[in-house]
Trainee: 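Dropping the structure in here first, questions after.
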Amino acid sequence: MAWRNSVRCIGRLHWKSLDVVDCRSLEKTDDIYEALLAHLKAATNAGAIRPSMTLFKHWENADNEIRVWNHQLIRYAGYGDGTGKPLGDPMNREFTEVARSLGWQPPVQPTPFDILPLVIQSGDDLKLYELPESAVMEVPVRHPRLPWFEGLQLRWYALPAISDMIFATGSEVYPCAPFNGWYMGTEIGARNLGDRQRYNQLPVIAEKMGMDTTKADNLWKDHALVALNEAILWSFEQEGVRIVDHHTASSEFMRFCKNEETSGRTPSADWSWIVPPVSGSATPVFHRSYQMEPEFPNYLLQQAPWKTQRGLRLLNENAK
Ligand code: ARG
């Protein structure tokens, strides 16, 4: 139901298929780590992604709070201070610094796609855990018709597992309840690899396509976006990793809305998140509006743990 009520999610047609693993009895960071590895394995399912959530203890007081400090279970490190040439995912720069201060050492030769470690907190215990390669499935990005694309050496991981949101039932809150679905192609092809403030690959791709990137009206950005999104969908399909294109996801979302109404509910949705970042008006979700009536159960945002007083203290105590 929390998934069903998530106003930003276009994938909600599948809400009934969520696997929930009950780990509410776990307290030791080592045990939580094992449960997270089990989540990655079962949810990745060799590419046949299964929507899953692992539920840890509900919040009682600050002393026994459980949190995973990562934004997602799998993410790439971001290096640089923002002034020089960036390496990796700029979105994860702050977290990368946190991990380093806790003793994480990046590879001797850092790459744009270094998997970050897990930072797990249980009460006053704060521990760093490296993810084994076997826990992380990744897809090298190639294009069905442009052979040079492979040479860009782009890749992305298979499993989007959000780990920093609160699962709230309406009477209890669970600050640690990582969950995942499968990717919609545009999340990677338009935003993660395309955004200027992320991997910023549109100029690189447009130049390879032989386009003039000094002017706007030849639509080089649009051409690059389409090529990159084709490459993402095709590469995931080639590797047998479940992914959905934005047209299919949009018509599935329309079906979800219809189902909700048939069941006597009015779906809430945030238009600005539901409409895909490319070809918006070519999808049906663009051509209507939605109510915004937040409902429990739901997933809520929470402050980054390293910005809370307690988190800052734990960082200090555990600094390497
Ligand atoms: N947009 C985020 C990312 O690109 C993932 C958000 C959740 N996405 C999903 N398909 N369940 O990493």
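Nothing here was measured: the structure is a model prediction, and the numbers come from that model. Just follow the structure's listing: the first ligand is 1, and inside any ligand the first atom is 1.
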Trainee: With heavy-atom distances below 4.0 Å as the criterion, list the atoms of ligand 1 near Asn192.
Mentor: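 Within the 4.0 Å cut-off of Asn192, ligand 1 contributes 3 (C), 4 (O), 12 (O).
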Trainee: Which of the atoms of ligand 1 are close to Gln72, meaning less than 4.0 Å from one of its heavy atoms?
Mentor: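 Listed by number with element: 2 (C), 3 (C), 5 (C), 12 (O).
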Trainee: Taking Glu97 first and then Arg93, would you say they form a salt bridge - that is, a charged N and a carboxylate O separated by under 4.0 Å?
Mentor: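 The answer is no: the pair does not qualify as a salt bridge.
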Trainee: Measure the distances from the heavy atoms of Arg191 to every atom of ligand 1 and state whether one is below 4.0 angstrom.
Mentor: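 Outside the 4.0 Å threshold, so no.
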Trainee: Does any N or O of ligand 1 fall below 3.5 Å from an N or O anywhere on Tyr183, backbone included?
Mentor: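 By distance alone, the answer is yes.
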Trainee: Just going by heavy-atom distances, which of Glu187, Arg75, His71, Arg8 is nearest to atom 5 (C) of ligand 1?
Mentor: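 Looking at heavy atoms only, Glu187 sits closest to atom 5 (C) of ligand 1.
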Trainee: Ring centres of Tyr299 and Phe179 under 6.0 Å apart?
Mentor: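 Between Tyr299 and Phe179, the centre distance is under 6.0 Å.
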Trainee: Decide, yes or no, whether a salt bridge links Arg310 with Asp124 under the criterion of side-chain N to carboxylate O below 4.0 Å.
Mentor: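 Salt bridge between Arg310 and Asp124, a charged N being under 4.0 Å from a carboxylate O: yes.
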Trainee: Using side chain to side chain contact (heavy atoms under 4.5 Å, CB included), reason through Asp19 and Met53 one step at a time and then give a plain yes or no.
Mentor: CA-CA 6 Å; Asp19 279 345; Met53 160 162 105; over 6 Å; no
Trainee: Quick check on side chain to side chain contact (heavy atoms under 4.5 Å, CB included): which of Arg75, Glu138, Glu130 does Ile115 satisfy it with?
Mentor: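 Looking at Arg75, Glu138, Glu130, the match for Ile115 under the side chain to side chain contact (heavy atoms under 4.5 Å, CB included) is Glu138.
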Trainee: Does the Thr44 side chain pair with the main chain of Gly47, one donor and one acceptor, at a distance under 3.5 Å?
Mentor: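 Absent.
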Trainee: Check each atom of ligand 1 against the heavy atoms of Tyr157 and keep those under 4.0 Å away; list them by number with element.
Mentor: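 Listed by number with element, the hits are 12 (O).
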Trainee: Please state whether Trp3 comes within less than 4.0 angstrom of ligand 1, counting heavy atoms only.
Mentor: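 No.
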